[in-house]
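Quantities reported herein were computed from a predicted structural model and do not represent experimental measurements. Lettering follows sequence order; numbering is per chain, from 1.
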Amino acid sequence: MDIPKTYDPKQAEQRHYARWEAQNCFAPEINRDPQAPVFTIVIPPPNVTGSLHMGHALQHTLMDVLTRHKRMCGYRTLWLPGMDHAGISTQMVVTKELRKEGLSRHDLGREKFTERVWQWKHESGGQITKQMRREGASVDWSRERFTMDEGLSRAVREVFVRLYEEGLIYRGDRIVNWCPNDQTVLSDLEVEKVPVERGGKLYYLQYPLKTTNGKPDAHLTVATTRPETMLGDTAVAVNPDDERYRDLIGARLLLPIVNREIPIVADEFVDPQFGTGAVKVTPAHDPNDYEMGVRHNLPQVIVIDQFARMTEDAGAEFSGLDRYKAREKVLEKFEELGLLEKVVDYEFSISKCERCKTVIEPLISTQWFCRMDVLRDRALRLMDEEKRPRFTPETPYEKVYTDWLENLRDWTLSRQLWWGHQIPAWYTTDGRVIVARSEEEARTKAGTSELTQDADVLDTWFSSALWPFSTLGWPDETADLRTFYPTSVLVTGRDIIFLWVSRMVMMGMKFVGQTPFQDVLITGTVLDKHGQRMSKTKGNGVDPLDVFDKYGVDATRVTLAASGAGTDIRWNDNQVESYRNFANKIWNAARFCLLNSEGAVINRGFEAGRESWALHDRWILSRLNKTAESVERALSAYDFYAAVQTLYHFFWDDFCDWYIEFSKEEVLQLADTQKFNEHFRGATEIRPDLIAARSRLLTVLEQALRLLHPFMPFITEELWQLLPGIGVNSLHPAYRGAELTIMLTAYPQADESLIDEQAEAEMQAVIELVSRVRNIRAEIGIKPSEEIQIIVNTPDERMNDIFGRNSGKIRRLTRTLMKQPTQVEIPVQIPRASARAVLSGGAEVAVPLEGLIDFARESERLNREREKLQKEAMRLEAQLANPQFAERAPVEKVNETRERLTDIAGRTKALSEMLEALK
RNA sequence: GCCCGCUUGGCUCAGUGGUAGAGCACUCGCUUCACACGCGAGGGGUCAAUGGUUCGAAUCCAUUAGCGGGCACCA
């Protein structure tokens with residue numbers, strides 16, 4: 001067999017995904033067990049405009065690990081993929097394309113434009129689905145969905161109609177966030193607060209009092225960050241308890257420039273501490289003022305239009321001016337009038353469009369809204385009573401989620417876009433509003449066919465909110481909906497807990513009556529190595545595909561999985577490199593097993609019964625089963641880091657460093673015998689004990705590959721396919737009949753009966769012996785190639801026996817010949833010129849070094865060790881001397897401390913004797 | 001303003017009421033027949049500061065400092 005020394009990930013990555021996909025390994029139907037438990041994940045649908053970034057790669061890795069794990073555990077698993085139509089983004093992409101052709105979307109008209117978007121989607125959209133195949137994502141492509149699919153659109157209309165009929169969706173005039181660039185309304189969540197650039201200013205404007213008592217120069221000063229809005233002021237508000245202004249409440253002011261008479265009103269909202277304690281009120285252009293306007297029944301004067309330009313109502317000199325130009329002009333005017341009291345620097349935040357960063361203009365506008373109180377209360381009750389969904393990490397996300405719900409306001413649903421789900425509302429010529437599932441239904445309801453459909457579309461997140469059930473066929477009672485809803489776990493980033501997670505819960509509860517997912521796993525953010533958020537504008541993003549190319553998909557996946565959920569990840573290539581090395585280690589371990597596999601097959605070699613098994617065989621099975629146990633525990637707690645660590649150390653430390661090394665004595669020495677036989681005696685039969693040893697090696701390897709598979713699907717499949725003895729019986733019973741693939745084998749489950757603490761303790765003693773001898777060799781500086789002698793005396797027969805049985809292995813690993821007593825009562829004499837060490841348990845090891853030993857240095861070495869032990873002993877003694885320790889600490893703890901002290905005392909004594917002997 | 005998180009070896013991070021861990025980096029030695037993307041042996045941390053609870057605190061509590069998030073209608 002020809003296996004290269006270095007693992008080339010690309011080979012394996014190209015080979016297996018297409019085959020898995022072609023054989024439908026990802027679809028739940030591959031599972032033939034009608035009783036199988038179900039595991040479902042719906043993917044957070046990436047934007048159709050998007051391409052894969054590290055955040056996706058992280059989430060997809062976690063979802064794939066969970067899915068592959070459950071699949072191997074025999075679950076009927078569905079990981080459902082799909083994409084989001086991403087209203088604004090997509091419309092912008094296509095608009096830009098059109099602009100290159102010198103066209104606007106209005107030149108095409110709505111119908112042609114949306115056709116064009118669909119065309120774009122078919123040709124250039126969904127890059128990410130190709131990239132997901134590269135990741136190894138085991139999603140069921142046969143169930144791929146798009147939020148604009150007919151089925152999902154139908155669900156959208158159904159939900160809209162039902163909510164409308166219940167009065168939860170309504171149309172009305174409200175102050176909304178308007179993006180003058182995108183020409184659409186935005187929900188509160190699509191607006192971000194940004195500190196104002198280049199130092200904000202607070203302007204103090206004087207409004208003259210409309211005099212009734214002959215004080216012509218009396219005025220009231222208001223402070224504002226937006227002077228231009230004064231053109232739309234319809235009142236000034238003060239706090240009712242503010243002594244300064246109490247007498248003025250009810251008085252009237254003459255609004256400068258426009259010369260409008262406006263009242264002074266009292267409102268609790270006003271903070272007397274801020275500015276002058278008097279607030280100008282512009283109900284048409286500020287959310288707070290809007291509320292105050294409602295409370296005091298103030299008129300709304302609209303002075304800014306949807307393009308952020310001043311209206312005619314702002315006055316002839318201002319009409320048509322940009323809002324910032326108008327601001328300058330208003331300030332000039334105030335200065336001329338001597339009414340600009342002062343301008344001070346003031347840091348504050350302004351609202352910007354999350355997408356295009358244009359400053360939002362609060363405007364009064366007719367839009368569709370969704371009342372959230374009823375839906376919200378149900379979600380809160382679910383958390384309160386059932387603690388669903390269960391957030392991981394629980395802190396802080398559970399609280400973040402509930403706090404937000406508690407303060408939830410109505411959701412602005414409509415968007416002035418063409419790409420999206422057009423609102424299923426029609427207007428009759430006489431102004432009636434008909435909400436219906438289809439135009440046909442609307443006609444019936446209206447009793448006329450002269451209808452105009454509402455031009456707006458729904459917020460993209462409206463269809464996303466239905467994703468967990470719309471993708472499964474709702475509103476029809478499909479088999480998929482019955483089987484796969486509610487889903488098991490949602491894996492997503494913290495930035496969309498409000499936008500998406502909470503809304504799915506509310507809609508799922510409302511329309512299916514069950515939480516859409518049991519658990520929510522919140523991943524951290526992938527940062528660059530300086531701790532900065534990766535972003536396109538900063539150009540500090542790391543492209544997952546580049547990392548795949550450089551280090552392989554498996555190594556990248558392990559890196560991401562190990563960073564797990566919750567905390568942010570500082571991306572560092574070093575980490576990936578170390579897991580790339582791990583992949584190579586796996587490759588070479590398998591290479592060794594395969595190069596020595598003639599005659600062997602997996603799942604053999606342990607027939608003889610455990611009493612006859614060698615120490616290292618009992619030990620590796622114990623380690624393997626403990627590993628299976630802790631991986632299982634870690635995954636069920638979504639502790640991916642722990643799972644990766646456990647597997648890494650099991651494979652590298654236990655399997656490679658010790659088990660393979662121990663096996664070599666049998667596998668290689670016997671191989672020599674075999675060659676000898678073949679050569680000199682013409683024997684062709686391979687000795688059965690050799691085959692057994694090789695089979696045991698392969699068996700453990702195969703189990704390890706299975707354990708690793710959810711994390712490293714490609715390398716494990718590549719190697720597994722090479723193993724002799726894989727066959728139909730290798731597959732999990734639920735997948736009998738499927739093509740052979742490691743992804744359909746049974747995930748190793750811990751067998752308690754194979755966990756063997758005694759074997760672990762004994763092996764530990766052998767490992768310690770080997771390590772101490774190596775340590776002495778290194779410290780004394782004995783050439784690695786030189787074989788020397790060691791003397792090992794133990795205080796008990798059993799240990800002596802264990803060392804004796806493993807002497808060949810000890811020899812191989814330490815390049816020493818071991819001398820032991822035939823009876824422990826008569827220890828082997830140790831020459832004075834020896835380097836020595838005491839093992840835990842009291843065994844002594846000595847390396848006779850006639851002529852080589854530096855007595856002074858050796859004394860120093862032993863002294864150092866003795867001091868270390870003495871320090872430890874002192875600490876333990878002090879602890880035991882404290883009467884309260886014995887009194888209050890648990891008995892086991894006290895005993896443990898005593899035992900440790902006894903062991904240390906014994907070893908210290910031995911060291912003292914050695915030191916004495918050196919003199 | 002309110003809420004939350006973090007502070008552990010040079011770096012990136014695990015961790016737990018009872019002997020401080022990993023990977024990388026570092027030092028020394030090895031072309032040992034799976035692997036130099038390797039093997040072996042080492043060095044390195046008063047677990048941010050202070051106080052408290054406890055027989056015992058890096059771990060629990062309080063305060064402080066630094067860093068980072070999230071939320072908020074203060075013009």
Nucleotide rG23(B), atom P - distance to CZ of F651(A) in whole Å:
16 Å
Rounded to whole Å, please give me the gap between CD1 in I660(A) and P in rA34(B).
10 Å
Check the phosphate of rA75(B) against Y346(A), side-chain N and O only, distance under 4.0 Å to OP1 or OP2. Yes or no?
yes
For G275(A) and F582(A), find the nucleotide of RNA chain B closest to each by heavy atoms; which residue's nucleotide sits nearer the 5' end?
F582(A)
Starting from C1' on rU19(B), measure out to CG on L901(A) and report it in whole angstrom.
13 Å
Between C1' of rC33(B) and NZ of K664(A), the distance in whole Å:
8 Å
Searching all strands shown, indicate the nucleotide that pairs with rC2(B) (Watson-Crick or G-U wobble; both distances under 3.5 Å).
rG70(B)
When both hydrogen-bonding distances must be under 3.5 Å and the geometry is Watson-Crick or G-U wobble, what is rG23(B) paired with, if anything?
rC11(B)
For N581(A) and rG38(B), is the shortest distance between a side-chain N/O and OP1 or OP2 below 4.0 Å?
yes
With a 6.0 Å cut-off (strictly less than), is the heavy-atom count around CZ of R533(A), excluding the residue itself, greater than 12?
no
Regarding rA22(B), can its base be found pairing with the side chain of Q575(A) as donor and acceptor, where the two atoms are less than 3.5 Å apart?
no
Partner nucleotide of rG17(B) by Watson-Crick or wobble geometry (both distances under 3.5 Å):
none
In Watson-Crick or G-U wobble terms, with both distances under 3.5 Å, the base opposite rC28(B) is rG40(B)
Rounded to the Å, how far apart are D403(A) CG and rC4(B) C1'?
10 Å
